[in-house]
Structure formats: C-alpha cells, structure tokens
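Contents: one structure, followed by commentary.
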Amino acid sequence: MKENVVSTVVFTLLLFLNIHLLNGQSLPGKPVIFKCRSPEKETFTCWWNPGSDGGLPTNYTLTYHKEGETLTHECPDYETGGPNSCYFDKKHTSIWTIYILTVNATNQMGSISSEPLYVDVTYIVEPDPPVNLTLELKQPEDRKPYLWMKWLPPTLVDVRSGWLTLQYAIRLKPEKADEWEIHFAGQQTQFKILSLYPGQKYLVQVRCKPDHGFWSAWSPENFIQIPSDSTMKDTTMWIFVAVLSAVVCLIMVWAVALKGYSMMICIFPPVPGPKIKGFDTHLLEKGKSEELLSALGCQDFPPTSDCEDLLVEFLEVDDSEDQQLMPGHSKEHPSQGMKPTYLDPDSDSGRGSCDSPSLLSEKCEEPQANPPTFQTPEGTEKPDNPKANVIHTWNPQSTSLGNKIPYFHSDVSKSSTWPLSQPPGQHNYRSSYHNIADMCNMAAGTIGAPVTLLDTTDKKPLETGEEGIAAKQREVGNSHPKTDQARVWLLSQEETPFISAKPLDYVEIHKVNKDGALALLPKHKEDSDQAENSSSPETNKEYAKVSRVMDNNILVLVQDPRAPNLALFEELAEEDLPATLQQNQVEKELPSFTTTQMPSNCRLQLGGLDYLDPAGFAHSFQ
Amino acid sequence: MDNKGSLLKGSHLLLLLLVSNLLLCKSAASLPICPNGAVNCHVSLRELFDRAVILSHYIHNLSSEMFSEFDQRYAQGRGFISKAINSCHTSSLSTPEDKEQAQKIPPKELLTKVYSVMRSWDEPLYHLVAEVRGMHEAPDAILSRAIEIEEQNKRLLEGMEKIAGQIHPGIKENEVYSVWTGLPSLQKTDEEARLFAFYNLLHCLRRDSHKIDNFLKLLKCRIIYDSNC
C-alpha cells in the first residue's frame, strides 16, 4: 500500500511537471537588483532585472527593511524610476542606514525572491550633470583672448546648505580633434582657458562629483568659435624675411655665375696631372690599353718583374752547332746552344729581359725546340720549322712594328708567357717572334725612358743611339738603355717602315768599322758589295756568324758553313742599313727564306735588329 | 617751548604707533595660523571651520580606503555585511538620519553631537592600530591608514574644542560619548570572528567619519556662510 501511494504521488508530480513543461510554463526566473543610485543623497532609486517570466504573467514586488528595524516595507513607488524600478522619496530615505532590499517575482506557478541587497544611501550618490554651461570669449586689449566658461550645479543637489559639496571638471577639444583636454576646476563654477588655437571651433563639457560619491555624466556639448588671429605683424615680418632671403640668393647666384670659375679655381685648385710625352690620351679613352701600353713600350702591364734585374751583363757567344748566337750572361751557359737552364724562362738570375739580347735568343730557341714549351728547352732543334716560323713571324710583326712602338717588356724573358700563349702554329710564332725581336730591340732603350720612346720627331740622337745600342751589346754589365737609345731605336724603327713592312731580307756584313760597327750590305747586292767585303762570306758562305766577342766591342764573324744558317748581325750600321735595306727587294725571295731562316732571326734579335731582317739576310746570301 | 616741542614729538610718535597698529591689525587676518604653544593667538572661526572640514574630509577618505582594502582582502564571500547590521557602538548616540533632521537641530547641538561621536572613537582607534599591527601579514595599507586616522582624529578634536570654545564654550561640560566594548572581539583567537570584528569596526568607522564630515560641512555653511555656500 505504501509503495503504491508513494509511486502514485511520484507519478502525479511527474505528470504535473510534464504538463507544465509541455505548456512552457514555469516559475519565473530569479530577479537581480543590479543598481541603486541617489542623485542628491535625499532620495534613491533601485532597478532590477526581471529574469525569465516563465511564460506566465509575472508580478514583481520589492520589499525591504532597514537596519535597526524589524518591519518589512514594500516599495513606495514603482513608477518614477521606470520599469522594474523602485523609487524611494525623501520620506522613505534614511542616510547612514543600511537597507535590505529584496525583489519577489510571482506568477501563477509561484514566486521566487532575489538575493537581498544591502544598500547604504551614503555611498551611492551620483548627481546629475551641471547645467547652464555658458561660454564666452574674452579679448582683453593687452593680452591674448581666453575662453571664459560658467555653469551651475545640478538642480537637485543642495550645495548651499553644505549637504553635498561638489567638485567640477571640464573638458574641451577642437571640433575635429580626437582627444579631449580635461581640466579639474575644484569647487568653483567657472573656469578660464588660455591656450586656444585661433580659427578653431571648440566643444566644451562639464561634469561634477560629490565629495564622497560618483562622477556625474558629462553635460551636453557646447560650441564656441574662436576667431582667426589676424597677425598682420607676423605676416609682414615673414614677407620681409622672404624677400630679403630671395635677394640674398639672387646675389649669390649672380656672383657665382660671374666668377664661378675663378672661385672654383680658388677653392679647388686644379691638380697637376702627369704629362707623358707622346702619351696619347685618346688611346686611353678608347680603352685600348694594349695599344696604349704598347705605345708606352709596355707589353705586359704591370711589369711582373723588374727589368733591371734582368740586365744582361755580358754577351756570350755560342759556337755550338745550332749556330745561333746565344747570348748568355751566365757562365753556366755551356757552349751548347740549347741550355735547359738557360732556356728557363722563369729564371730571373740576371737574364736580360728588357735589356738583354739574350732574351731574344731565348725566344729564338723556343720556337726551335718546341714552340709551345719554351720552358722546357730541348736539346734537339728543329731548325727548319722553327726557323721558318720565326721568319714568318718576322714579317707581320714588322708591319705592326712600323705602325706602333712596341714595348719591350722586361718580363718578356718569361718565354712561358708568350710562347705558351700561342699555339704551335707557325703563324703564331710570327707575332711571338716579332715580339721577341721587339723586346730585344726595345731592351736597349726602353727601360727608364718610356717617355722618350714616344718622341718621334727628334732624329738627332739617332746616330748616337745606334752607337749606343752597339756599345751596349759589346759592353759587359748593365746596359742601361739611354733615353736616346730608346728614342733612336724607336725612331729607326719608324723610319724604316718599309723595312718592317716588307719581307725580311738578309744583309751581309760589309765591313767592320773602327768603332766596331758592322757595315751591312743587302744580300742581293752581292755583286757590288761582296767584293768589297773582305770578311763577307762568299756565295756559298753567305751568312756571317759571330764567333765571339772580342774586347767587349768587337764581333768576330765567321762564315757560316751552313747554308740555311743566318748571320746574326748585332751591329747596326745606321748609314748603310736603311739604304741597303730599302734597296733590297727581298720580297720576292721572302718565301724561300722564311722557311729556313729562323736561327738567324734569333740572332738578329740582339739589339735593334728590326731592320736587320734575317729573312733579308737569307735572301741576300742565297 | 620745549614742552610744546616734546608734546609735538610725542603726538607724532603716538600717531605713528597708531598707524602702525592699524596696519598690523589689518594684516592680522593674513598672518599664519597660531604656532603651537601660542596662548593669545586668535584664529578666526572661518579658518577653524575650514581646517576642521579639511581634516574631517581627509579622515573619511582614509576610512573609506581602509574599509575597501580590508573588504577586498579578507571579507570576500564571507557575508560579513549581513552580520554587521546595527552593530556600531555609536548608534546609541542619536544623530540626524537625513538632511531635514540635520537642519532642524540647532548648530550647537549638532556640534555637540559631532564632538561626542569623535570622542567615542578615541579609544577604538587606539586599539585598532595596536591590533592591526599584531595581525599576521599586517597589511601596510590598512596599518598606515589606521595610524594616520588616529593622529588626525586627535587634531580634529582639538579643532573642535577650539570651535566650541568660540560658539559653545560649555561643550566639555556635557561630555557624552559611547564606550566601545569591542576589544575582546578584536583579540579573538577564532580567525573568522576576529576578522568580522575588524570588519565591523572599519565599517562603523567609515560611517561615523562620514557623519562627522557631513555635519561639520553643514555647520560651516550654516554658521560661516549663512547657509549660502
């Protein structure tokens, strides 16, 4: 039975709940009193949140009791404060007393009460904003204008009796500014603003706070227009300053224009530049460094070794079978023509590069043995081909020689450079050989006198240069080429463009002058010259070979039994050579000579042999 | 002839003295407030009230901050407010409950009431400082303010006595004040009870300091400015 009753009751309750849920009706939600405020510490109002109404019409009541009392009262006024509010008028308001407030929500289903709220009116005072804000722009005569603002306390607040003491704050900003400028005004109801931007429209607001309460809201905005500041004095002054500065600028520009150049000269004196005689700056501008450097006489710039270190000390005659004059300044140089050490291009042990004719011979040998491997001289010679190559190279180079002044680089002795740079082809040797010849030629006079080399106008030193070159070859020791020599050498080269341009020709030694100069005759003039030349070789012995150097200034020439061997003429007969060479018409016979005249070419490279064309020799002696 | 000359000199001297006295008297109002120990120093009632109001305002600010500090630190969620109903020892002293009542009371009576309330807080303030110092984790914000309130309350009492000496000389004869008996509660070993005792004391101090401040301002506006502040 009991079980049945219990179960029945439970079932009924569940049924009710289900019915209510199905209908969507329930108890109202719990209300919450969220705010109570007093505008003047004489009345106050409280507001609550109703919560859900549970789907049924809900009635709200507020009940309270005061501290020290036991009676519970209901809210005297639900209207004045708006919906869901309770307004306590002066009669119902006690200060320094805690109110315990409770809101009850009642609907058909039941009622529910909020949590009690403990309120003391003393601490919930929040007044209304001040009223009657007036703005006035005052412009005293001697001072800048300022903004004068006045206001009145909110109407409800009793300040006169001292019941509430208010403090004020104002804020203002230009109309388009973003941030407000806030000022605290204390208990006064007026304020002055001194820093104003002219021509701006300002917004002003004021609010108040009771001595122990909350700040009020800001009063409605008030506008005032600040008139523009007519600073005629400033404008005039600025105009004057602008005009004055313009005048000053004009004067400066005029002065610079008139005497700008002299001023620049005074301030920035020109730096004297180096003057190199014969230096063609146009070549530099064109960027043809090769031509320029060759004009200066530098084939490889910068010089990789010191020319002076490679001065030839003495001329060594080699009477080896290869019949090539192999000038060697080192005693280690054996009689053999080809010496590996000698041929070492990289050795700088006194081997002449710029100055020494030995360099020339080195270069000569290089094509003989193995043109691409000058550094590895071989004992075996290939006279034919190398010589031919040499001869071939002679021709074209002579043409170029005439056109420009080759620079005999001191480091030409590094045969590795030039021979390696050229393929074994014969044609390549042309330039290389010619380079050698040029270098040997230039060695006499290029070092230390690049400038003079360019001087092509002076012919006087030609003779002395000739002698100088010869002397150099004879002398032992450093043969510093004189400027004159260099000049002469170049001049002679230039004067004999014909010689350089045309195929090489051979000359025969006509006679040996007293001072050791060799008089050379063109080869094809053998009918006229050979007879005169006692020492000249016969037709069969066409070439003179320098057997040795005597007394440092005499070349001993011997007949070269070998037909293809070329006499190596180291001395240049200034008077004879140009004439004889010019008269030669070796061009016709060039091809035959070119093939076999390499060794002689090498020999000829010793000192100013440009116009002693071994090809010419071969031609003449054949 | 000599007598006339001396008389003239004397009159001139007297005149000079008079003028100087007048000048001095005029500037008396701008003279600094009486230094300590001065006996015959005269300070105007206006200045006394201004100083009193400043002090009372300051004391209430300190009390309000002290209560907020304690409430935030120790009393959260404990429901102390519900227990602090009608528990101030000065509630026996009947004081006005609203503005009308305060304006109805004669100024002297109001002044007396103010004085009574202030006298009632002498001893509690002393013990408050001692007990806060003894608290573990003595919060410096509360302790420093308690010390300051105690000191300022003494000065305010002196000021009140001076004011009363001018408008209500017999104030000390009617010395009515409430006796505070909350010391044992402050010294309870039960932490919860002890904290509530502190809470209650600070709550009552905040309220009474506000009363004092409010009444003094009312009196000032009424006596000095004739209700036209």
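Protein chains get the first letters and strands the later ones, always in sequence-line order, with residue 1 at the start of each.
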Looking at [options], which one has more heavy-atom pairs under 4.5 Å with chain A than the rest?
options                                    : answer
Gln101(B), Lys220(B), His60(B)             : His60(B)
Arg222(B), Gln103(B), Lys217(B), Arg207(B) : Arg207(B)
Ser82(B), Ala84(B), Pro96(B), Cys88(B)     : Ser82(B)

Where the side chain of Ser219(A) meets the backbone of Pro130(A), is there a donor-acceptor pair that is under 3.5 Å apart?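 Checking the backbone N and O of Pro130(A) against the side chain of Ser219(A), no donor-acceptor pair under 3.5 Å is found.
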Looking at Asp158(A) and Lys99(B), is there a salt bridge between them, counting it only when a charged N and a carboxylate O are closer than 4.0 Å? yes
Considering only NZ, NE, NH1 and NH2 on the basic side and carboxylate oxygens on the acidic side, decide whether Lys30(A) and Glu115(A) come within less than 4.0 Å. yes
Okay, Tyr225(B) and chain A: the region with an atom under 4.5 Å from a heavy atom over there is neither
Could you look at Asp208(B) and say if it's the side chain, the backbone, both or neither that has a heavy atom under 4.5 Å from chain A? neither
Taking the six-membered ring for Trp and the full ring for Phe, Tyr or His, determine whether the centres of His212(A) and Tyr123(A) are under 6.0 Å apart.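 Here the rings of Tyr123(A) and His212(A) have centres that are no less than 6.0 Å from each other.
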Top residue by heavy-atom pair count (under 4.5 Å) with chain B, among Lys41(A), Lys90(A), Arg160(A), Glu42(A)?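 Ranked by heavy-atom pairs under 4.5 Å with chain B, first place is Arg160(A).
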Out of Thr97(A), Thr165(A), Asp211(A), Val159(A), which one racks up the most heavy-atom pairs below 4.5 Å with chain B? Asp211(A)
Is the number of heavy atoms from other residues, nucleotides or ligands under 6.0 Å of Gln76(B) CD greater than 12?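 Yes, CD of Gln76(B) has more than 12 neighbouring heavy atoms, counting only those of other groups under 6.0 Å.
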Answer with side chain, backbone, both or neither: which region of Glu67(A) has an atom nearer than 4.5 Å to a non-hydrogen atom of chain B?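 Both backbone and side chain of Glu67(A) come within 4.5 Å of chain B.
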Going by distance alone, is a donor N or O of one side chain under 3.5 Å from an acceptor N or O of the other, for Asn104(A) and Ser111(A)?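 The answer is no; no qualifying pair exists.
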